[in-house]
Amino acid sequence: MAVLGAGRKPNPATLTYLSEGSEIEGNLKTPGNTRIDGRVKGSVVVEGDLEVGSNAHIEGDQVKANNIIVHGQIHAQIIASGKLHITKSARVEGDVRAVSLDVEAGAVFVGRSQTGEPRALPQNTRTGNSP
């Protein structure tokens, strides 16, 4: 019996969706674009873009994706290889590293941010490390 998708490369058009009311305890890794409306307790690594819905809650070590839009809550280090957009309904607690950062009026952001070209950014932004 063949494993579904065995030997295939990730399709960037693929959408992974975690609906409201769903919960994952453990790390989540997805091959394409992802939308989370549920709860994740663990790290999230997305090989495409990530959207965090207004009722979503992510708590873990790290959230990593290309472009990230946050409407809900994240308590983790965030790494966006592109743009990080924190909307007015969002609450982000943790250090962030992104090429571009946009924080709307009304959003809550508690942490440090580093923006700029990926090659110019330090590789470690964990709280407690000396610059």
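Only this structure's heavy atoms are used, side chains among them; waters, hydrogens and symmetry mates stay out. What you see is a predicted model, and the numbers here were worked out from it, not measured in a lab.
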Self-check item: Residue list, salt bridge (Lys or Arg N to Asp or Glu O under 4.0 Å) with D49, at least two apart or on another chain
Solution: none
Quiz item: Do the non-hydrogen side-chain atoms of L84 and I78 ever get within less than 4.5 Å of each other?
Solution: yes
Exercise. Salt-bridge test for E51 and R35: reply yes if a basic N is under 4.0 Å from a carboxylate O, no otherwise.
Key: yes
Quiz prompt | Exam field: side chain N27 to backbone G42, donor-acceptor pair closer than 3.5 Å | solution = no
Self-check item: Close side-chain approach of V52 to I74, heavy-atom, < 4.5 Å
Solution: yes
Quiz prompt | Partner residues of E20 under the salt bridge (Lys or Arg N to Asp or Glu O under 4.0 Å) criterion, sequence neighbours left out | solution = none
Quiz prompt | Shortest non-hydrogen contact between A90 and V70, atoms and distance | solution = CB-O, 3.3 Å
Exercise. Consider only side-chain N and O atoms of N66 and S81, and report whether a donor and an acceptor are under 3.5 Å apart.
Key: yes
Exercise. Scan residues 28-53 for pairs that pass ring pair (Phe, Tyr, Trp, His ring centres under 6.0 Å), counting only residues two or more places apart or in two chains.
Key: none
Quiz item: So how far is it from E93 CD to F109 CZ, rounded to the nearest 0.5 Å?
Solution: 10.5 Å
Exercise. Not counting sequence neighbours, which residues clear side-chain hydrogen bond (donor to acceptor under 3.5 Å, both in side chains) with S22? List them please.
Key: S19
Self-check item: Minimum heavy-atom distance D102-K83, with the two atoms named
Solution: CB-CE, 3.9 Å
Quiz prompt | Partner residues of K29 under the side chain to side chain contact (heavy atoms under 4.5 Å, CB included) criterion, sequence neighbours left out | solution = V45, E47
Self-check item: Residue from V103, I58, I86 passing side-chain contact (heavy atoms from CB on, under 4.5 Å) with V92
Solution: I86
Quiz prompt | Backbone of L18 reached by a side-chain donor or acceptor of D37 within 3.5 Å | solution = no
Exercise. Show your reasoning for whether side chain to side chain contact (heavy atoms under 4.5 Å, CB included) applies to V44 and I24.
Key: CA-CA 10 Å; V44 176; I24 291 179; over 6 Å; no
Quiz prompt | Whether T14 side chain and G32 backbone form a donor-acceptor pair below 3.5 Å | solution = no
Quiz item: Considering residues at least two apart in sequence or located in another chain, which fulfil the ring pair (Phe, Tyr, Trp, His ring centres under 6.0 Å) criterion with H57?
Solution: H75
Exercise. Give the minimum heavy-atom separation between A76 and V63, together with the two atoms involved.
Key: CB-CG2, 4.1 Å
Quiz prompt | Any residue meeting side-chain hydrogen bond (donor to acceptor under 3.5 Å, both in side chains) with T87, in chain and number order, not counting sequence neighbours | solution = H71, S89
Quiz item: Do E104 and H85 have side chains that get closer than 4.5 Å, going by heavy atoms?
Solution: yes
Practice problem: Could you tell me which residues satisfy side-chain hydrogen bond (donor to acceptor under 3.5 Å, both in side chains) with T30, sequence neighbours excluded, listed by chain and number? | Solution: T34
Self-check item: Residue list, salt bridge (Lys or Arg N to Asp or Glu O under 4.0 Å) with R39, at least two apart or on another chain
Solution: none
Quiz prompt | Heavy-atom closest pair, residues A65 and L50 | solution = CB-CB, 3.8 Å
Quiz item: Linking Ile, Leu, Val, Met, Phe, Trp and Tyr by side-chain heavy atoms under 4.5 Å, what else ends up with V110?
Solution: V108
Quiz item: Can you tell me how far CD of E23 sits from CD of E25, rounded to the nearest 0.5 angstrom?
Solution: 8.5 Å
Quiz prompt | Nearest non-hydrogen partners of S113 and L101, listed with the distance | solution = CB-CD2, 3.7 Å
Exercise. For residues G26 and V40, report the shortest heavy-atom separation together with the two atoms involved.
Key: O-CG1, 4.1 Å
